[in-house]
Amino acid sequence: MLVLASIFLNFSLAYAQELPGTTWQLNPQNQFKQQSGVTQFSGANGFTAVYVNGDLEVHLKGTKIENPAVAKQMTLVEFNNIEKLYSARGNPYEGQITELIECDKTYQPRSFKFQLGAQELRVLMVGANDRRLFGACAKDQIAYWASYLNFYDAPSRMVIESRLFLKAPQPNAKNVSELSKKLEKISKELLVMKAAP
């Protein structure tokens, strides 16, 4: 029994990726490993990191912001800016049949909420292109189905952002629905508090 506990502890520690300067870490059960060949940054003003597990990538960013009101405003603005990428907008090309460009209903953003510690977080699920940029909302543009969340971590005075990218080789209605369920589950379980030393 002691051997099994030791193996589990070593296994958990191997995947316990800490978010530098915060009280959070990636949930070891998700078994993310740091992506090789990608520049990681960690300093007094924040961090960036990319982790992978199979066809799933998580891009994390922490930005130090001393003023909580400014930080909370930043989280709202960033979330809304990403959401607006998918809203209907005027067609910039003269002579086109339609005056509006909008996402196909299958690829419109979805969202859900969940509790992380004392905060209720909203998560946006959207299409991303092959360069992992948000704004893709047509079948031929979508290479990843992605989730985005952010929150202000008061103890570290950091805005933490998470972008999860799940490969979407055949983005049809059924596939997007399945990918959304998977992303929702992973998003809810992505972060856990660091264990006390």
Side-chain angles (χ1 to χ4, degrees), residues 1-43 46-65 71-72 74-75 78-79 82 109-128 132 134 144-168 175-197:
M1 186 68 154
L2 184 60
V3 172
L4 286 176
S6 176
I7 290 171
F8 177 75
L9 179 61
N10 289 335
F11 173 79
S12 293
L13 291 174
Y15 295 107
Q17 306 287 348
E18 294 185 359
L19 278 60
T22 74
T23 57
W24 298 97
Q25 69 181 26
L26 288 176
N27 187 337
Q29 294 177 349
N30 290 327
Q31 301 180 19
F32 283 108
K33 293 183 180 179
Q34 202 163 18
Q35 187 172 17
S36 60
V38 174
T39 302
Q40 313 286 329
F41 166 79
S42 177
F47 66 89
T48 61
V50 178
Y51 299 95
V52 295
N53 180 356
D55 61 354
L56 183 66
E57 293 179 18
V58 60
H59 297 225
L60 295 169
K61 178 180 175 184
T63 306
K64 185 74 119 185
I65 299 180
K72 289 178 182 176
M74 183 183 146
T75 62
E78 186 67 18
F79 197 95
I82 292 170
R110 299 153 191 218
S111 66
F112 66 92
K113 293 180 181 180
F114 75 100
Q115 204 68 27
L116 180 67
Q119 298 184 60
E120 182 179 68
L121 301 185
R122 184 169 171 233
V123 180
L124 190 63
M125 291 185 289
V126 295
R132 294 165 192 81
F134 294 142
Y144 296 89
W145 197 242
S147 72
Y148 175 79
L149 67 88
N150 67 29
F151 64 98
Y152 180 62
D153 181 48
S156 66
R157 296 184 181 196
M158 258 190 232
V159 171
I160 298 173
E161 296 178 84
S162 164
R163 298 167 191 246
L164 278 169
F165 296 95
L166 188 56
K167 287 185 182 170
N175 186 266
V176 166
S177 180
E178 290 169 4
L179 293 172
S180 293
K181 287 177 189 172
K182 187 172 181 179
L183 278 176
E184 183 172 344
K185 180 181 184 315
I186 294 167
S187 294
K188 288 177 178 178
E189 299 171 352
L190 183 65
L191 299 172
V192 294
M193 295 289 286
K194 291 180 191 175

**OP:** Apply side chain to side chain contact (heavy atoms under 4.5 Å, CB included) to Glu18 and Trp24, showing your working.
**Re:** CA-CA 6 Å; Glu18 294 185 359; Trp24 298 97; over 6 Å; no
**OP:** Please determine if Glu184 and Arg110 form a salt bridge, counting it only when a charged side-chain N lies under 4.0 Å from a carboxylate O.
**Re:** no
Would you give me the side-chain donor-acceptor pairs under 3.5 Å for residues 160-167, sequence neighbours excluded?
from, atom 1, to, atom 2, distance (Å)
Glu161, OE1, Tyr148, OH, 2.6

**OP:** Could you grab the distance from atom CE of Met158 to atom CG of Asp153, nearest 0.5 Å is fine?
**Re:** 8.0 Å
**OP:** With rounding to the nearest 0.5 Å, note down the distance linking OG in Ser187 to CG in Leu116.
**Re:** 11.0 Å
**OP:** Begin from the C-alpha positions of Met125 and Phe112 and carry the test side chain to side chain contact (heavy atoms under 4.5 Å, CB included) through to its verdict.
**Re:** CA-CA 8 Å; Met125 291 185 289; Phe112 66 92; 3.8 Å; yes
Subject >> Polar side-chain atom of Gln17 near backbone of Lys33 as donor-acceptor pair, under 3.5 Å >> reply: no
**OP:** List the atom of Ala146, the atom of Phe134, and the distance in Å for their closest heavy-atom pair.
**Re:** CB-CE2, 3.7 Å
Subject >> For the student: nearest non-hydrogen atoms of Leu183 and Ser147, plus distance >> reply: CD1-N, 3.9 Å
Original post:
Atom OH of Tyr51 and atom CG of Leu56: how far apart are they, to the nearest 0.5 Å?
Top reply: 14.0 Å
Original post:
Counting N and O atoms only, with roles assigned by atom type, does the side chain of Lys61 sit under 3.5 Å from a partner on the main chain of Val159, one being a donor and the other an acceptor?
Top reply: no
Original post:
Can you tell me how far CG of Leu19 sits from CG of Leu26, rounded to the nearest 0.5 angstrom?
Top reply: 6.0 Å
Subject >> Test log, rule side chain to side chain contact (heavy atoms under 4.5 Å, CB included), inputs Phe151 and Thr75 >> reply: CA-CA 6 Å; Phe151 64 98; Thr75 62; 5.8 Å; no
Original post:
Looking only at heavy atoms, which two atoms of Phe47 and Pro20 are closest? And how far apart?
Top reply: CD2-O, 3.5 Å
Subject >> Atom pair OG/CD of Ser36 and Gln34 - distance to nearest 0.5 Å >> reply: 9.5 Å
**OP:** Under the side-chain contact (heavy atoms from CB on, under 4.5 Å) rule, collect the residues that match up with Phe41, sequence neighbours excluded.
**Re:** Thr48
**OP:** Please confirm whether the backbone N or O of Phe32 pairs with a side-chain atom of Asn30, one donor and one acceptor, at under 3.5 Å?
**Re:** no
Original post:
Going through the distances and angles, do Glu189 and Gln29 end up as a side chain to side chain contact (heavy atoms under 4.5 Å, CB included)?
Top reply: CA-CA 9 Å; Glu189 299 171 352; Gln29 294 177 349; 5.5 Å; no
**OP:** Kindly say whether Thr22 contributes a backbone atom to a donor-acceptor pair with the side chain of Lys194 at under 3.5 angstrom?
**Re:** yes
Subject >> Nearest-0.5 Å distance, NZ of residue Lys113 to CG of residue Leu121 >> reply: 10.5 Å
